[in-house]
Each structure stands twice: as C-alpha cells, then as structure tokens.
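Here the structure comes first, spelled out in structure tokens, and everything after it is commentary.
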Protein chains: 2
Amino acid sequence: MDNPADHEDEARSGIGREAVRGRADTGTLGKAIAVLDIVASADAPMRFTDILALSDQPRGTLHRQLSNLVEEGLLSLGRDHSYSVGIRLLKFAARAWAGNQFRVIAEPHLRKLHDLTGETVHLGVLRGNEVIYLDKVESRQAVRMYSQIGNASPVYCTGVGKAGLSALSDAELQAVVASIRFRRFTDSTLVTPEALLREIEEIRASGNAYDREEHEPGIRCVAAPVHSADRSFVGGLSVTGPAYRISPELLESWAVLVRNAAGAIMEDMGARLGPRT
Amino acid sequence: MDNPADHEDEARSGIGREAVRGRADTGTLGKAIAVLDIVASADAPMRFTDILALSDQPRGTLHRQLSNLVEEGLLSLGRDHSYSVGIRLLKFAARAWAGNQFRVIAEPHLRKLHDLTGETVHLGVLRGNEVIYLDKVESRQAVRMYSQIGNASPVYCTGVGKAGLSALSDAELQAVVASIRFRRFTDSTLVTPEALLREIEEIRASGNAYDREEHEPGIRCVAAPVHSADRSFVGGLSVTGPAYRISPELLESWAVLVRNAAGAIMEDMGARLGPRT
DNA sequence: AATTGCATTCCAAATAATGGAATTTCAATT
DNA sequence: AATTGAAATTCCATTATTTGGAATGCAATT
C-alpha cells in the first residue's frame, strides 16, 4: 500500500490548539522537521535528489538541513547516500507513549473492551487529517505492537478517524475536511467531502462511527469518539475484526459497549484532572 | 598513548557514526533537540521553570524554543503549563522502527533464539553512552512491547551495552567510557572505568558479555556483539531471564547460541548488502 | 487590594541560515 | 584504466532568524 503523492504539502492544519496554525514549516526548526517528515513519509530510504524533488528548498539549504538532522540522530545516512529515519526518535517516542496520560488512563478500558468482545481494540488520536494510533489490545500477539502503534492512517476511512472528526467543532471539522486529499482504498471508501460530512452528522446523532471495509477489504469496525479532559487529544476508540467473523448485527451490538468505554475513559480523566485544577 | 592499533581503526573510516557521537548542541536545531531531550528524559511533565533550570538557555530563548517545539508537535503543552513529549514523534518512530534494516534482518534470528532458550531476547544498539532497544521477543505478552522498545539504558550495566562496547575501536571505547557518569543500581554494578574496561577485555576474548544482576536485582543475561554491515549500528543481542530460573551454568550454556545468532545476523547483512555494493 | 511566583512578550544586537555557483565524488561505460 | 555524466558536497557574501535582558501579563494566595 504505497501512497506516493501523500507527502507533498499535507496542509498541516491540525486539531485543537496546536492545530489552528494554518502556516507551518516556518522557522528553522519547522523547515527541518518538514524535511524529516518527507523522509518519514516515504516507504524506502531516500537519496538526496529524491528529497530535493519533494522539498522546495535550494540544494545548499537542503543539504545543510539534512546534515543537521543526521548530526542530531533524527536521520541516519547510509553508506550509499540514502537517508532514513534515525533511531534516536525511538527513545523520544517511547517516552511520549509511556508518559501520555490520555493513553495511560484509557488503557484499562481498552482491556475491558477487549475482554467483552474478544476482538482487537484500538485507541487513536487526530493529528491534522491523519489518525495516529496510540494503543492497541489484541488477542494474538502474532502481529507486532509497533505494526500499529504510531501508525498514521487517513481520518476519512477509519472508524477511529471518523469518530474523532465527529467530536470537533464545525469550524475545526471544516478545516480538516478541506485539507483531505481523498483516495479510494476499497469500493466502500468515502471519496467526497459531502459524503464524509453527511456521515459525520449521523455519527454525532448516534454516537458511533463505523468502518465498513472502507480502508481495508474484509476489515470492519465500530468506534466512538473520545477526548482528553482539556481536549488537547481528540480521537476515537474502536473494536475491529474480520468481516467473515463479524456480522453487521454483531458489530452493532458492540456499539453501546464502545460508547460506554469511551464515556468511562472521559469520566476517569475528569476525575483525575478535575480536582488537580 | 600512541597505539598503532588506533590508527589502524581510524583508517577504517567513519565507524559507528550512529554509535559514537559527542555532544552536539550546536545550531538552532541542535539546541531545540537538546531541549526536547530534557523533557523526554524526565519521568513527568515539566513546567517552564523546571526546564529552565536544566537548560543553560536564557528565559526568552528557552521560551521560544519550547514554543517552536510545540508548534511542530514535538512537544505538547498542557493546560497547566506542563510540557510533555508530543505524539507526532510516534509517527516518526514507527517509521524508524519499521524501516530499520538492521532490525528487519535480525528479527528472524531473535525469534529462533527465543525458541531455543524460551527466554526473552533483546536487540539493542549503542547511542552515545546509552543502549537503545530496537526489538524484543518474549513469551508472555503481559509486558507491553513499548515497555522496552525505544527504552534507553546505560551501556555499562547491561549485557547488550557491554557487548556493544566490546565491538568498538579502542579510541571509540575510550571516548564513550569517558562520557559515562557511573551510578550504582545494584551491589554488582560496575562503577569504575577500570572495572568496565577490564570486563570489556574479557568480552573481546570470549565473545560474550554478561549482566549478572548489575542493572536490576534478580535479572541476568548473556549477550554477544552485533553490528550492521557498514558498522553504522553497533550493539548487542541478549537472552535475559530471572535469576531464580536461570543458573549461571544455564546462562553460560546459552552463550554459544547467542554468539551464533549474532554471527548469523551479520552474515545475513553481508549477504543482503554485499551484492548491492 | 496587594503580593508573589510564575509564564510570556519585546526588540536592538548578535548570530546562524541562506542559496546560487563552483567543486568534488561516485558509478557506470568504454 | 580512462572517460564521462550525474549526483553529492562545499563555499561564502548576503540575508533572515535567533538571541537574551528587561519589561509586561496573569492568576493564584494573603
């Protein structure tokens, strides 16, 4: 599943407070991280000229930016002049994950939901027009944790993504939807803003989002919106499974469980964060 | 101290750029990442003044650096003015992990080693005077993957760390050892450069490093050095288990298995990278 | 209402980044 | 072994960004 033209500009209009920045890539740091993002969004190591083609920086500038990133361990430069993401980021991410209170508070609820359904449970948050998976509980350990945690998927074709969108204000929703470059993954993928917005309305009314094989054929899920106490994290909670095992009726029967779990998470967060303020 | 062997090693050129690096807080990016590192190294969210105390930047400067990091999603600023590591790093790390060829090539060998011993297997690489765990295979899934992957531990009291050190040139070894601030974790922890260097010599001779409850009481391990084909990654492979289950004799009986697995990984890497060059 | 302990903003001076062009290295081919 | 075109890297006068000490804002506490 390669998405070639994805890392072009991505119009990073994110969510919440860290989000309403229309302009990004400003300042020395911003430009450097934009370069890092280009390399991180590719699915193979990139050579200098490959990156040059995607970045809008002059040769000399780009070269120094890359050198700085390598110097800091954020990128790694192979003998064959190919750049890939550096392992120093693993350390940062491990801390980001372990220290994330939203995830920590949610974790027991994910487990409970997994026990109730027997299927894979995901927690993800919005970041721009992507959803980043924060946690996952599954039965078989065959699939590695890292295979999902940290992974970025489009908002418009995942249960977690659509659930998250439904929790945004209209202004935020409009901004995100406008930044989406729709791409058809399956026959069921929603590929227009109108179809997406219509579905968001339904989600707001019912409290549940569904992924009916819209991202991957044979994969269904039911989700509900969750957000952290201060709304700095907005996302969703979902139960996912193979279509052959999960009938639409079964999926629907889990809807209330997912909503309850999402509600319980938000209650826990209020309980922990409320008094402290 | 004009050891001819040193020149020999230096002549081998660019060894372990990734593995051994001095402090490089230079440039705008470097200083920003240094600030990020301060926040990532703390085990709780930090407020502005906490960070100010640890960084040697003036108020105004630090404040703008933090703002920039938040702007880029590398840090997240809570409503209570506390900074924590941002989830955008999860995306970068997921790519760094999935795309890391060293880890990809090593993975089947970790599994095989796990099957042979039944105990937890770790793969880690040196970064400065820390070892960063790249992968882990364990029996019980009770402990979460993220609990180790990406985690940074001191080189001098872990099997993987000491194994990695033994694979460095004398010059690199000296540089790393000089940068260590020794801390006693258990009664067995090596706390002097001399003791560490003496043990590195033994590891070089035998091909195996041991952690005899030097980091955590009740935890033992046997390790062997590994490095990527171009030596851009230098680290170790280890089998770890609880002391009550793993006698010193049993541990020693695994030594050859670990050495063989390490050798097989390096052979695989040569096989994949060799023809391409 | 005043105080205290923070976090945040300001702006001239200092410093680091910029980028077009020149140079060097690489790798494929003869 | 020599040639050559492509790719990577370095150079340095110009330009834009960061710097940092001091002033200001903000919200609890007395």
Side-chain angles (χ1 to χ4, degrees), chain A residues 17-18 20-21 23-39 42 44-72 74-84 230 232 273-277, chain B residues 11-14 17 23-39 42 44-72 74-84 229-230 232 273-277:
Chain A
R17 81 249 330 273
E18 52 178 289
V20 193
R21 25 164 247 226
R23 85 266 184 224
D25 303 356
T26 47
T28 306
L29 180 65
K31 287 179 229 166
I33 300 302
V35 171
L36 177 57
D37 205 47
I38 288 174
V39 179
M46 299 179 87
R47 317 243 325 207
F48 180 82
T49 346
D50 305 329
I51 305 172
L52 183 65
L54 289 176
S55 103
D56 49 0
Q57 305 283 348
R59 302 181 72 80
T61 303
L62 178 64
H63 190 267
R64 184 181 30 73
Q65 289 167 335
L66 287 167
S67 302
N68 289 339
L69 287 164
V70 169
E71 174 80 10
E72 293 306 320
L74 306 185
L75 282 181
S76 145
L77 175 56
R79 274 262 154 104
D80 60 343
H81 302 275
S82 71
Y83 294 88
S84 44
D230 59 358
S232 59
L273 292 181
R276 198 188 290 166
T277 331
Chain B
R12 256 190 288 166
S13 87
R17 292 189 185 124
R23 190 67 61 217
D25 295 352
T26 50
T28 306
L29 179 66
K31 288 177 227 165
I33 299 301
V35 171
L36 177 57
D37 205 45
I38 288 175
V39 178
M46 299 179 87
R47 317 248 323 244
F48 179 81
T49 344
D50 305 330
I51 304 172
L52 183 63
L54 290 178
S55 102
D56 48 1
Q57 303 284 346
R59 302 181 71 78
T61 303
L62 179 64
H63 191 267
R64 185 182 30 74
Q65 289 168 334
L66 286 167
S67 302
N68 289 339
L69 287 164
V70 169
E71 173 82 9
E72 294 306 320
L74 305 185
L75 282 181
S76 142
L77 174 57
R79 202 155 266 192
D80 60 343
H81 303 275
S82 71
Y83 293 89
S84 43
D230 59 358
S232 59
L273 294 180
R276 198 189 289 166
T277 334

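Here is the naming used below: chain letters follow the sequence lines, and residue numbers restart at 1 for every chain.
What separates CD of Q65(B) from C1' of dT9(C) is a distance of 16 Å, to the nearest Å. Rounded to an integer number of Å, the gap from M46(B) CE to dC6(C) C1' is 16 Å. If you measure from atom NE2 of H63(A) to atom P of dA16(C), you get 20 Å, rounded to the nearest angstrom. Rounded to whole Å, the distance from CG on L29(B) to C1' on dA16(C) is 13 Å. The separation between R59(A) atom CZ and dT24(C) atom C1' is 13 Å, rounded to whole Å. In this structure, the CZ atom of F48(A) is 18 Å from the P atom of dT24(C), given to the nearest Å.
With L75(A) as the partner, the side-chain contact (heavy atoms from CB on, under 4.5 Å) test is satisfied by one option alone out of I51(A), V39(A), N68(A): V39(A).
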Enumerate all atom pairs, one protein N or O and one N or O from nucleotides 10-15 of chain C, separated by less than 3.5 Å.
none

Polar atoms only, N or O, under 3.5 Å: list the protein pairs with nucleotides 26-28 of chain C and their distances.
none

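Between the two ends of the helix from dA1(C)-dT30(D) to dT30(C)-dA1(D), each summarised by a five-pair axis, the helix axis turns through 40° (rounded to 10 degrees).
Listed here is the closest heavy atom pair of A32(A) and L69(A): O-CD1, 3.6 Å.
Separating the OG1 atom in T26(B) from the CD atom in E72(A) is a distance of 6.5 Å, to the nearest 0.5 Å. Once rounded to the nearest 0.5 Å, the distance linking CD of Q57(B) with CD1 of I38(B) reads 8.5 Å.
Between T28(B) and L29(A) the shortest side-chain heavy-atom distance does not fall below 4.5 Å.
Residues forming a side chain to side chain contact (heavy atoms under 4.5 Å, CB included) with D50(A) (at least two apart in sequence, or on another chain): M46(A), R47(A). Qualifying side-chain hydrogen bond (donor to acceptor under 3.5 Å, both in side chains) partners for T49(B), counting only residues two or more places apart in sequence or in other chains: none.
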Side chains of residues 59-67 of chain B: which donor-acceptor pairs under 3.5 Å do they make with residues two or more places apart or in other chains?
| unit_1 | atom_1 | unit_2 | atom_2 | d |
| --- | --- | --- | --- | --- |
| S67(B) | OG | H63(B) | O | 2.8 |

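A residue-by-residue look at D50(A) and T28(A) shows that D50(A) has its nearest nucleotide of DNA chain D further toward the 5' end.
Considering only side-chain N and O atoms, T49(B) lies under 4.0 angstrom from the phosphate OP1 or OP2 of dA7(C).
Of all nucleotides in DNA chain D having an atom under 4.0 Å from a heavy atom of chain A, the first and last in 5' to 3' order are dA7(D) to dT18(D).
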